[in-house]
Asker: 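Okay, here's the structure, questions in a sec.
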Amino acid sequence: MTPLRAGRTAGLAIVLLGLPATGQAQRFAVDVEPFGGSASIAFARSTASAVGVGLGVTLPELSWTIAPEGEKYEELAHLAAFYRGTAGPFETDIGLRMAAGDALACDASDCWPGFFAGIYTAFFAGWSHVRFGTRVVFGSFAESNAKRKTVVNISPILVRVAFGR
């Protein structure tokens, strides 16, 4: 491992391991959708707000790709950083999202994963530990051949199961 890579790895470990030690309430969540899902951890900033990180995968089976038209967007792996606000039975996530994925309109073996960077918002309603919702993702997708596409994707069916305070 190179010194630069070791430094980045150690820095990430300090941030991720150090946050829970600050005494903040932690809440783990698993978001499940047909053919996809993600896991996240959020650290409370107040009784109604939190910040966190998540990772997961989204396949296009039951999501709607609004743009690029006629294609399906999939995330083979994504990483998100978000703000989560809660008001009674409602919960909203607003965040940044990076992913390796593809906008599916491949002709042959030229379909290599590209890079996505964008924003997302998710809205949920339900109970303290189980909520139902939807998510909208908007951003730019760079294909392996350096072409860029604007992506707008809606995941209409999400179930969030949360653990912790």
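Because the structure is predicted, anything quoted here is derived from the model rather than measured. Computed over heavy atoms, backbone and side chain alike; hydrogens, waters and symmetry mates excluded.
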Asker: Work out which heavy atom in Glu33 is nearest to a heavy atom in Ile157; give both atom names and the distance.
Answerer: CB-O, 3.2 Å
Asker: Please check this pair: side chain of Arg131 against backbone of Pro89, looking for a donor-acceptor N/O pair closer than 3.5 Å.
Answerer: yes
Asker: Output the distance between atom CD (Glu75) and atom CZ (Phe141), rounded to the nearest 0.5 Å.
Answerer: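 Interatomic distance, Glu75 CD to Phe141 CZ, rounded to 0.5 Å: 10.0 Å.
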Asker: Counting N and O atoms only, with roles assigned by atom type, does the side chain of Lys149 sit under 3.5 Å from a partner on the main chain of Ala67, one being a donor and the other an acceptor?
Answerer: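 No.
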Asker: Would you confirm whether Ser155, through its side chain, and Thr134, through its main-chain N or O, come within 3.5 Å as a donor-acceptor pair?
Answerer: no
Asker: Report yes or no: do Val130 and Leu158 belong to one cluster of Ile/Leu/Val/Met/Phe/Trp/Tyr joined by side chain heavy-atom distances under 4.5 Å?
Answerer: no
Asker: Between Ile154, Asn153, Asp93, Thr58, which is the residue that forms a side-chain contact (heavy atoms from CB on, under 4.5 Å) with Arg135?
Answerer: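 So, applying the side-chain contact (heavy atoms from CB on, under 4.5 Å) to Arg135 and each of Ile154, Asn153, Asp93, Thr58, only Thr58 qualifies.
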Asker: Looking at every non-hydrogen atom in both residues, tell me the closest pair between Ala99 and His78 and how far apart they are.
Answerer: CB-CB, 3.7 Å
Asker: Return the minimal non-hydrogen interatomic distance between Val151 and Pro68, and the atom names on each side.
Answerer: CG2-CD, 4.1 Å
Asker: Using every non-hydrogen atom in the two residues, find where Lys72 and Ser63 come nearest and quote the distance to one decimal.
Answerer: NZ-O, 2.7 Å
Asker: Grab the two heavy atoms, one from Leu96 and one from Tyr120, that are nearest each other, plus how far apart they are.
Answerer: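 Heavy atoms of Leu96 and Tyr120 come nearest at O-CE2, 4.0 Å.
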Asker: In terms of ring plane angle, is the pair Phe132 and Trp127 parallel, tilted or perpendicular, where the classes change at 30° and 60°?
Answerer: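 Correct class here is perpendicular.
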Asker: Work out which heavy atom in Thr65 is nearest to a heavy atom in Glu71; give both atom names and the distance.
Answerer: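 That would be CB-O, 3.1 Å.
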Asker: Phe123 versus Val136: any side-chain heavy-atom pair under 4.5 Å?
Answerer: no
Asker: So among Thr121, Val152, Ile66, which one has a side-chain contact (heavy atoms from CB on, under 4.5 Å) with Phe138?
Answerer: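 So the option named by the test is Val152.
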Asker: Give a yes or no on whether the backbone of Asp31 and the side-chain of Arg160 come within a donor-acceptor separation of less than 3.5 Å.
Answerer: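 Answer holds: no.
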Asker: Transitively linked via ILVMFWY side-chain contacts under 4.5 Å: Phe124 with Phe82?
Answerer: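 No; tracing contacts between hydrophobic side chains, which count when under 4.5 Å, never links both residues.
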Asker: Please confirm whether the backbone N or O of Ala162 pairs with a side-chain atom of His129, one donor and one acceptor, at under 3.5 Å?
Answerer: yes
